[in-house]
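Note: hydrogens, waters and symmetry copies are ignored here, and every other heavy atom, side chains too, is used. The structure displayed is predicted, hence computed values, not measured ones.
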Amino acid sequence: MAGKAVAEIDRTAARWLESLGQPQENRARDVALLRIMLLCAVAAALAAPIALTLVLPASLALPVGATLVVAVFLALVAATFASARAPAVADSLASADTLVFDACPGLSLMLDARGMVTKCGGRDRVGFPPVLQESCGQRLAELVHVSDRIALIHALDTLRQGADAASASVRVQGLYCASEGRQFLHLGLELTALRQPDGELSAIFAQLRDISADEALRREAAERVSEAHSAHEAKSRFLAAVSHELRTPLNAILGFSDVLAGEYFGRLENDRQKEYVGLIRQSGAHLLSLVNTMLDMSKIEAGHYELLAEPFGVADVVESCRAMLDLQARGKGVTLTARTAKGLGDVVADRRAVKQILINLAGNAIKFTGDGGIVTIDAAQSGSDFVLTVSDTGIGIPAEKLELLGRPFMQVQDGFTREYEGTGLGLALVKGLVALHGGRLHIRSTAGEGTVVTVTLPADGRGIGAPGEAGEASSVEFPPRLRNATRPAMKDVQDIENDDAAKAKIA
């Protein structure tokens, strides 16, 4: 019976301790302690009334003694287990906070409101310089590079003024390397304010991450951008210088070949000599045209292509271009026609640029149209814009090749199999000139059927930025890039908007 009673008492005590949250490993010891205290209480319950009979009547001694023993027993039990449980809970909470603090990536620091380091931890603590690993009791601002202290102090002051978070990039002196000397570690610093209930700043949680690799990539990217700009400027200067140097001998070649062809200083001996002189003249003219195109492209890329806007009749320019290219078209067996809408008045644009646009587009159309084909130049008015359309019945452009159009020195056919001569500069120059006018360029094409190129320019010249006007001059991207190049054939594949381009400026 006694054993069963003791076992029942132990089970009751164990359930009570479990409800209090007592750890399992300490429960057996606490049950034994309760058993001893209970036995002492039972003994006291027998001895206390007997002792009280000496000063109290027997009728009062028994209830007073029993009540006193029970009260003392319960007080002792509560005090014993409350004092044991409080440190355990506190230790558990403190242990959890430390685990979380040490599990944070990078280096974790706890700062007071003045920026003094009070605690140091973090998952990657060992990877940081010793000056940071052992920074407790030091001001964080004194540990970073002197030129970064202002940024750090500003971030701390931001938290003092009420912000919840702040960030800064700082450098800390790393380990000394004999080959590389003193090195600085680039760190990203994130600060979080910890406040009291009244909002006063009590502490600051700081997390530092090593961003040296990101900083190295940023520097490398900046260097690459600088090198690209330098190479672009060098290329433009080279093209301009070489083009200017080529024009002088080319003018001499053309002039003297004209003299020889005209037989001003004596007749040529035979027809073969005349043929060779004509070939020299033709090759020189082709090379001079290429040089002039390269010069124009260099001007546009450098932002120094000046447009001279003036009112003129589009019909005259269209007819002039047709007459200029008619001989070339007839030589290939191509019919070249020009149509101008009735009532088409003057437009405000750069006459030379518009003429060059038409010559390049019509010349390309003739070049890629076979014997018996037709090339048509149309000019019409559409609201406040005038529209130039050059269509042909030539070889067309495959849909997968459309995205290649407009890049300088790029042609649809590769350099080993292409059948048509040219450098691939014509369309790139056309796009640049159209964009400088604030116009739009659309290309529709079907392989084997033909191509339609539509140029839309503001009739009143509103898309041209006047040189010297206040504010930033209108700018265009050069070379313009095709957009939506994956659309099916016979769809618009480019729309160059003056507002979307921003590379080469009109001088």
- Message: Within this structure, what is the CG-OG distance for the pair L187 and S212, rounded to the nearest 0.5 Å?
- Response: 6.5 Å
- When rounded to the nearest 0.5 Å, the distance separating CD of E227 from CD of E220 is 9.0 Å
- Contact check, side chains of S384 and R462, non-hydrogen atoms, under 4.5 Å: yes
- Could I get the full list of ring pair (Phe, Tyr, Trp, His ring centres under 6.0 Å) partners for H154, not counting sequence neighbours? none
- Query: Got V172 and F184 here, is their nearest side-chain heavy-atom distance under 4.5 Å?
  - Reply: no
- Message: Check this for me: does any side-chain nitrogen of one of D214 and R218 sit under 4.0 Å from a carboxylate oxygen of the other?
- Response: no
- Item | Salt bridge flag under 4.0 Å for residues D258 and R281 | yes
- Message: Looking at D371, is its backbone amide N or carbonyl O close enough to the side chain of K332 to form a donor-acceptor pair, meaning the two atoms are under 3.5 Å apart?
- Response: no
- Between V334 and G370, what is the shortest heavy-atom contact and its length? CG2-O, 3.5 Å
- Query: Quick one: does R160's side chain have a donor or acceptor within less than 3.5 Å of a partner on A113's backbone?
  - Reply: yes
- Quick one: does S230's side chain have a donor or acceptor within less than 3.5 Å of a partner on S226's backbone? yes
- Message: Using modelled atom types and a 3.5 Å cut-off, is there a donor and acceptor pairing between side-chain atoms of S283 and backbone atoms of I280?
- Response: no
- Task: Side-chain contact test, heavy atoms from C-beta onward, threshold under 4.5 Å: evaluate it for V317 versus L358 and give yes or no.
- Result: yes
- Message: Less than 4.5 Å apart, side chain to side chain, heavy atoms only: is that true for L189 and S167?
- Response: no
- Query: What's the verdict on side-chain contact (heavy atoms from CB on, under 4.5 Å) for D378 and L388, showing C-alpha distance, side-chain angles and the deciding distance?
  - Reply: CA-CA 6 Å; D378 293 301; L388 299 174; over 6 Å; no
- Query: Rounded to the nearest 0.5 Å, what separation is found between the CG atom of D112 and the CG atom of L194?
  - Reply: 11.5 Å
- Message: Side chains of S147 and R171 only: does a donor on one sit below 3.5 Å from an acceptor on the other?
- Response: yes
- Message: On a heavy-atom basis, which atom in T393 and which in G373 lie closest, and how many Å separate them?
- Response: OG1-CA, 3.4 Å
- Message: Could you check whether any side-chain N or O of E263 sits under 3.5 Å from a backbone N or O of V259, counting only pairs where one atom can act as donor and the other as acceptor?
- Response: no
- Query: Q381 side chain to V387 main-chain N or O, any donor-acceptor pair under 3.5 Å?
  - Reply: no
- Message: For a side-chain contact (heavy atoms from CB on, under 4.5 Å) check, start with the C-alpha distance between L156 and L191, then their side-chain angles and the critical distance, and finish with the verdict.
- Response: CA-CA 8 Å; L156 293 173; L191 302 173; 3.8 Å; yes
- Flag the pair R272 and E275 as a salt bridge only when some basic side-chain nitrogen lies within less than 4.0 angstrom of an acidic carboxylate oxygen. no
- For residues L427 and L361, determine if any side-chain heavy atom of one lies less than 4.5 Å from a side-chain heavy atom of the other. yes
- Item | Main-chain N/O of A353 paired with D350 side-chain donor or acceptor, under 3.5 Å | yes
- Query: Tell me, do L268 and N270 make a side-chain contact under 4.5 Å, heavy atoms counted?
  - Reply: no
- What pair of heavy atoms forms the shortest contact from C120 to L132, and how long is it? SG-O, 3.4 Å
- Stepwise side-chain contact (heavy atoms from CB on, under 4.5 Å) check, L325 with L336: CA-CA 8 Å; L325 298 173; L336 176 62; 3.8 Å; yes
- Does any non-hydrogen side-chain atom of I357 lie less than 4.5 Å from one of V434? yes
- Message: Looking at every non-hydrogen atom in both residues, tell me the closest pair between G450 and S445 and how far apart they are.
- Response: O-OG, 3.3 Å
- Task: Check the pair D157 / Q161 against side chain to side chain donor-acceptor pair (under 3.5 Å), numbers first and verdict last.
- Result: CA-CA 6 Å; D157 190 59; Q161 293 178 4; 2.7 Å; yes
- Determine the sole option in V117, L111, L140 for which the side-chain contact (heavy atoms from CB on, under 4.5 Å) test with S135 is passed. V117
- Query: What are the two closest heavy atoms between G363 and Q328, and how far apart are they?
  - Reply: O-NE2, 4.2 Å
- Task: Give, for atom NZ of K431 and atom CG of L436, the distance between the pair rounded to the nearest 0.5 Å.
- Result: 14.5 Å
- Message: Strictly distance-based, threshold 3.5 Å: is any side-chain N or O of K274 a donor or acceptor partner for the main-chain N or O of A261?
- Response: no
- Query: What's the verdict on side-chain contact (heavy atoms from CB on, under 4.5 Å) for D210 and L185, showing C-alpha distance, side-chain angles and the deciding distance?
  - Reply: CA-CA 7 Å; D210 186 356; L185 194 66; 3.5 Å; yes
- Message: Within the structure provided, determine whether F312 and V354 are in side-chain contact (heavy-atom separation under 4.5 Å).
- Response: yes
- Item | Any donor-acceptor pair under 3.5 Å from D124 side chain to G106 backbone | yes
- Minimal non-hydrogen separation, A141 against L152, with atom names: CA-CD2, 3.5 Å
- Query: In Å and rounded to the nearest 0.5 Å, what is the CD to NE2 distance from E215 to H186?
  - Reply: 5.0 Å
- Query: So does I150 have more than 12 non-hydrogen atoms from other groups sitting under 6.0 Å from CD1?
  - Reply: no
- Query: Is the backbone N or O of C104 less than 3.5 Å from a side-chain atom of Q207, with the two atoms forming a donor-acceptor pair by type?
  - Reply: no
- Query: More than 12 foreign heavy atoms under 6.0 Å from CZ of R339: is that the case here?
  - Reply: no
- Is the count of non-hydrogen atoms from other residues, nucleotides or ligands lying under 6.0 Å from R219 atom CZ greater than 12? yes
- Task: Please round to the nearest 0.5 Å and tell me the distance separating atom OG1 of T340 and atom CZ of F386.
- Result: 11.5 Å
